[in-house]
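Just the heavy atoms: all of them, side chains too, but no hydrogens, waters or symmetry mates, feed the values below. The chains referred to below are lettered A, B, ... by the order of the sequence lines, with proteins before strands, and numbering in each begins at 1.
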Amino acid sequence: MPDLSINFAGIKSPNPFWLASAPPTNSGYQVMKAFDAGWGGAVWKTLGVPVVNVSSRYGGVNYRDKRLVGFNNIELISDRPLADNLREIEEVKKFFPNNAVIASLMVQSRQEWHDIVRDVTNAGADGIELNFGCPHGMCERGMGSAVGQEPEVLKTIVEWVMEVARIPVIVKLTPNISDITEPARAARAGGADAISLINTIQSIVGVDLDKFAPYPIVDGKGTNGGYCGPAVKPIALNMVKNCAQDPDVRLPISGIGGIENWRDAVEHILLGASSVQVCTAAMHFGFGIIREMTAGLEQYMTEKGFNTIYDFVGKALPNVKHWEDLNLKYQVKAHINEDKCIGCQLCYTACEDGAHQAIGLQEGTRTPVIIEDNCVGCNLCSLVCPVEQCITMERRDDGTEHRTWKERTKANDIPVTFNDDRAGGLHHWVPEPAAALGKERHKTLPGKARALGSPQEVIAPKASDVLSAS
Amino acid sequence: MAEYPTPTTEQEFAANFAQIKPLMSNTEALYESSRCLFCFDAPCIKACPSGIDIPQFIRQINTGNATGAAKTIYEANYFGNACGKVCPTEVLCEGACVYNLNEQKPIEIGRLQSHATRKVIDSGHKLFGPGPANGRKVAVIGAGPAGISAACELRALGYEVDVFEAREQPSGLTLYGVAPYKITNAETLAEMDYLEQQFGYRVHYNRRINSREELQALEEAYDAIFLGIGLGATNALLLPGEERQNCVGAVEFIEQLRMAHQHVAVGKKVIVLGGGNTAMDAASESSRLGAEDVILAYRRGKDEMGAYEFEYDLAKSVGVKGLFNVAPVEIVGNGKVEGVKFIRTATRDGQVQIVPGSEFVEPCDMVIKATGQAKQTGFLHLIPGLQLDGKGRIVADARTGQTSNPKYFASGDALNGGAEVVNAAAEAKQTARGMHAFLTENGLSS
C-alpha cells in the first residue's frame with residue numbers, strides 16, 4: 001500500500017491533493033465538506049481587505065459537446081470579513097488537525113502583511129500562500145499579478161512576510177509573464193519556502209455574437225478574466241518544468257493548472273510538483289472527484305512500485321531537454337494497421353492538407369496507404385485517427401546513431417545560407433503547386449452533382465445554365 | 001391479449017404509432033453532431049442516393065447554424081425532412097457510417113437531418129426562390145416525391161410549372177403510403193407547404209390525367225411533360241376467394257390508415273401475405289391497430305425476404321410472427337375471410353417448389369396482400385412512342401430522364417419500378433436539369 005502523504009515545505013497533508021484558493025474554499029463549510037470527502041488540503045480563498053464583486057462572474061469554453069474545457073472568472077478575492085474567515089479556519093483545524101489548511105493572502109502595505117500573517121497563524125493555518133497571481137481586478141489596484149510581474153516588488157513583499165512568518169510560506173506565481181523562472185527566483189531570494197503555479201491566465205473566453213460583448217457579460221460589458229480548466233494544463237506543465245529545472249529556484253512546487261484526474265496530477269508530479277492544487281474540476285463536478293484521484297494515484301504507484309510521492313517527483317525532468325539536444329538520427333514512420341482501419345480517411349486529408357502529402361488513397365479500398373519516402377514521422381495522422389492503435393509510429397533507424405543539432409553546430413554541419421544544400425527538406429518531394437487545382441472544388445457542388453462529378457458531367461449540354469440553379 | 005390496445009382517439013393512435021425517429025432536441029442534436037468524424041470523401045454521402053453533403057450539414061448543426069444545415073440538405077434533396085424520417089438510413093447513410101466498422105453506434109444522420117429541416121420549416125425561413133422566368137412551361141403529372149422535386153428544380157431554373165395530381169393532397173406515398181410511425185401527415189404536409197411557398201409552382205388537385213385527349217392538351221400547352229406517376233394498385237393474386245370481404249391490398253390498407261387513422265378497422269387475427277418492406281409495414285400497422293395475432297406469411301425462407309432486416313425486426317418487436325415457406329392457394333371463408341389455405345413450399349436451386357399434400361388452413365379474419373404494386377401501363381400506353389421495358393417500367397435516358405417520346409421525361413417509381421422517396425427525389429432533380437438541357441438545346445432558349 002503506497003503512502004500518499006506529503007510533507008510540503010513543512011506542511012503535512014495526508015495526500016497531495018489540495019483545493020486551490022478559489023470559490024470552492026470560500027468558507028469553512030466547503031473546506032470541511034472537502035476534507036470529509038477525502039481532500040488532503042485546502043488553500044483558503046484569498047484573504048485581505050474584503051472586496052465587492054460583480055454579478056455574472058464566470059465564462060466557459062465548450063468544445064463541441066464538452067462543457068468547460070476552459071473556464072474563466074472575474075471574481076475577486078474573498079468578500080467576507082476577515083474575522084469570519086479566521087474563526088472558520090480555526091474550526092476546520094479543530095475537526096481536521098491532520099489536513100492542511102493554507103491561508104492565501106493579498107494585502108498592500110508592510111503593516112497589513114505583518115498583521116494578516118500573524119492573524120492566520122494564530123487561527124491555526126498550516127501555511128501561507130501569497131497571491132501574486134490574480135490577473136483581473138486586483139492587479140488594477142497594484143496587487144495580484146501586478147506583483148507577480150515585478151520580481152523586485154515580489155521579492156520585497158516576500159521579505160516583509162518572512163519577517164514575521166512562523167509557518168511555511170508559498171508564493172503563488174502568475175503565468176502572465178514571459179519567463180516564469182524570474183519571479184520564482186525572486187521568491188527564493190526573498191526567502192519563501194515554496195512556490196505554487198500557475199495562477200490563471202489573462203483571457204477572454206468568448207464574445208457574444210449578438211450582443212458584441214465578451215463573456216461573462218456584466219450589464220452589456222465585460223473585462224478580461226483569469227483562464228483555467230483542462231485547456232491550460234499544457235501551459236502549466238511547461239512552467240512547472242521550467243521552475244523545477246532551474247538551478248536557482250530549488251523550491252518545492254505546488255502544481256496548479258488543468259488538473260482534474262489522477263493522470264493530470266501524476267504529470268505535474270513527474271515534472272517536479274510535490275503537491276497539486278485543483279479548482280475548476282471541483283467547481284464542475286464537485287468534491288467527489290477526489291475518490292477517483294486518490295484511487296488512481298494509489299493504483300499507479302502500486303503498479304510502478306513507488307512507495308511515496310517522492311519516489312517520482314520530477315522523474316520525467318531528465319527527459320525534458322532543449323530542442324538542440326534531441327537526436328536528429330531518430331526516425332519514425334507512420335504505419336496503418338489495415339485490420340483496424342475504418343476508412344474515415346482523416347489521416348489522408350490531414351497529411352495532404354496539414355503535413356507532407358505522405359498518405360495516398362488506393363483503388364478499391366478506403367484504407368489509405370503511407371508513402372514511406374514522404375513520411376517525416378510528424379505523428380499528425382496518428383493523432384487524428386479515431387481508432388485506438390490503428391496508426392502507430394514505427395521506429396526505422398537502427399538506434400546506433402545519435403547526432404543532435406548542438407553536435408552538428410559544433411561540427412560545422414548545419415545549414416547557414418538560404419539555399420544551403422544541408423537543408424533538411426532539400427530532397428523531400430512535394431507535388432507541383434498546380435496539382436492542387438480541382439482536388440477540392442467538386443465538394444462545393446450540391447447533392448448528387450457532387451457524387452457524379454462536375455455539372456458538365458451531370459448534364460452534357462449547356463451546363464452553364466444549370467450552374468446558376470441553386 | 002393484443003400487443004397494443006385498439007386506438008379509439010387521435011391521442012391513442014399517436015401513442016400506438018409513436019415516431020420511431022422522433023424529433024431531436026437542440027441538446028441531443030449537439031451531442032450527436034459532436035460525434036461526427038467529418039470523414040474525407042465520406043461514405044455516407046456516397047450511400048445517399050441524393051448525395052447530400054452529410055458531414056457538412058452535421059458540422060453546421062454543431063456550430064449552431066441549423067439554417068445553413070437545412071440549406072445544404074435541401075440543395076441536394078427537396079424532400080430533406082421526409083427523407084430524414086422515412087429513408088431506410090440503416091442501409092444507406094447510417095449503414096455506411098465508418099463507426100459501424102469500429103463497432104460503435106453510427107451517427108443518427110436521419111434524425112439530425114430532420115432536426116435541421118424541421119427548424120427551417122417551423123420558422124418559415126425561406127432558403128430558395130424561383131429563378132428568373134424563362135418563358136417556358138412544364139407540366140408535371142403526379143405530386144409525389146418525383147413530381148414535387150421536379151417542380152421545385154424547374155421553378156429554380158425559371159420554368160412555369162403546373163402539377164396535376166389525382167388525389168387531394170401532395171407528396172404521394174410519403175403521405176399515402178409510408179407507415180404512420182415513420183412520419184406524420186402534419187409533418188409531411190408542412191414540408192410540402194414550405195416548398196410550395198418558396199418555389200411557387202401550381203398544384204391542381206383531384207386532377208387525374210387519364211385520357212389521350214387530356215395528354216394531347218398538355219402536349220400542346222406545355223414545352224415538356226414530366227411523368228411522376230408512381231405505381232398503381234396492389235397486384236391481384238388471382239387466387240380463389242380473393243374477392244372476399246376483409247381481403248385487402250396493402251397499399252390500399254395503408255392509404256386508408258394514413259387518412260382515417262384509428263377509424264380503420266383491423267381484424268383480430270390478420271395474415272399479411274408477402275416478404276417485402278410493405279408487408280412489414282402492414283403487419284406492424286395491424287398490430288398497432290390492436291390486432292391480437294398478426295402473421296406474416298412468405299413463400300420462401302426468412303432470409304430470402306426482400307424486406308430490410310431492420311424492418312422485419314421492427315415488425316417482430318410489435319408481436320408479428322413469421323410463417324415461412326408457405327404459398328397461399330385460397331382465401332377461404334363465407335362472404336367474409338375466415339382463413340387462408342396454404343401449401344408448404346421448399347426452395348430448391350433457387351426455385352420455390354410446393355410440397356404436395358401439405359395443404360393447411362390458417363384461420364384469420366383479415367388478409368392483407370403485400371404482393372407488389374402494378375405498373376400503370378394502361379395510362380402509359382396513351383403516350384405515343386413511349387417505350388416500356390418487359391416489367392412495364394418507363395425506359396428513359398439514365399442522365400436526362402428523357403423517354404422515347406422526347407417531350408416526356410420521367411423519374412421515380414414509374415421509372416425505377418419502385419424504390420424509396422429519396423430515389424425519386426434525386427432522380428427528379430436530375431431529370432429536371434435534363435429537361436432544361438433539352439429545352440435550351442432545342443433552340444427554345446431565351
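Taking the six-membered ring wherever Trp is involved, the centroid distance between the rings of A:H284 and A:F71 does not fall below 6.0 Å. Ring centers of B:F199 and B:Y78: under 6.0 Å apart, within the cut-off.
Among B:S33, B:G131, B:A432, B:P43, the residue with the largest count of heavy-atom pairs under 4.5 Å with chain A is B:P43. Comparing B:Y99, B:Y74, B:F38, B:Y31 by how many heavy-atom pairs each has under 4.5 Å with chain A, the most go to B:Y31. With chain A as partner, the option from B:S34, B:A76, B:C39 having the largest number of non-hydrogen pairs under 4.5 angstrom is B:S34. When the candidates B:I73, B:T27, B:L37 are compared by the number of heavy-atom contacts under 4.5 Å with chain A, B:L37 comes out ahead.
Residue A:K66: no heavy atom, backbone or side chain, is found under 4.5 Å from chain B. When heavy atoms are compared at a cutoff of 4.5 Å, B:R59 approaches chain A solely by way of its side chain, counted from C-beta outward. Residue B:N77 does not touch chain A at all, counting heavy-atom pairs closer than 4.5 Å. Only the backbone of B:C36 has a heavy atom closer than 4.5 Å to any heavy atom of chain A.
Across all their heavy atoms, B:C87 and B:E90 have their closest contact at O-OE1, 4.4 Å.
Under the 4.0 Å criterion applied to side-chain N and carboxylate O atoms, B:K46 and B:D41 are assigned as salt-bridge partners. Salt bridge status for A:K333 with A:E394: absent, with no side-chain N to carboxylate O gap under 4.0 Å. Under 4.0 Å is where a charged nitrogen must lie from a carboxylate oxygen, and between B:E108 and B:R35 no such pair does.
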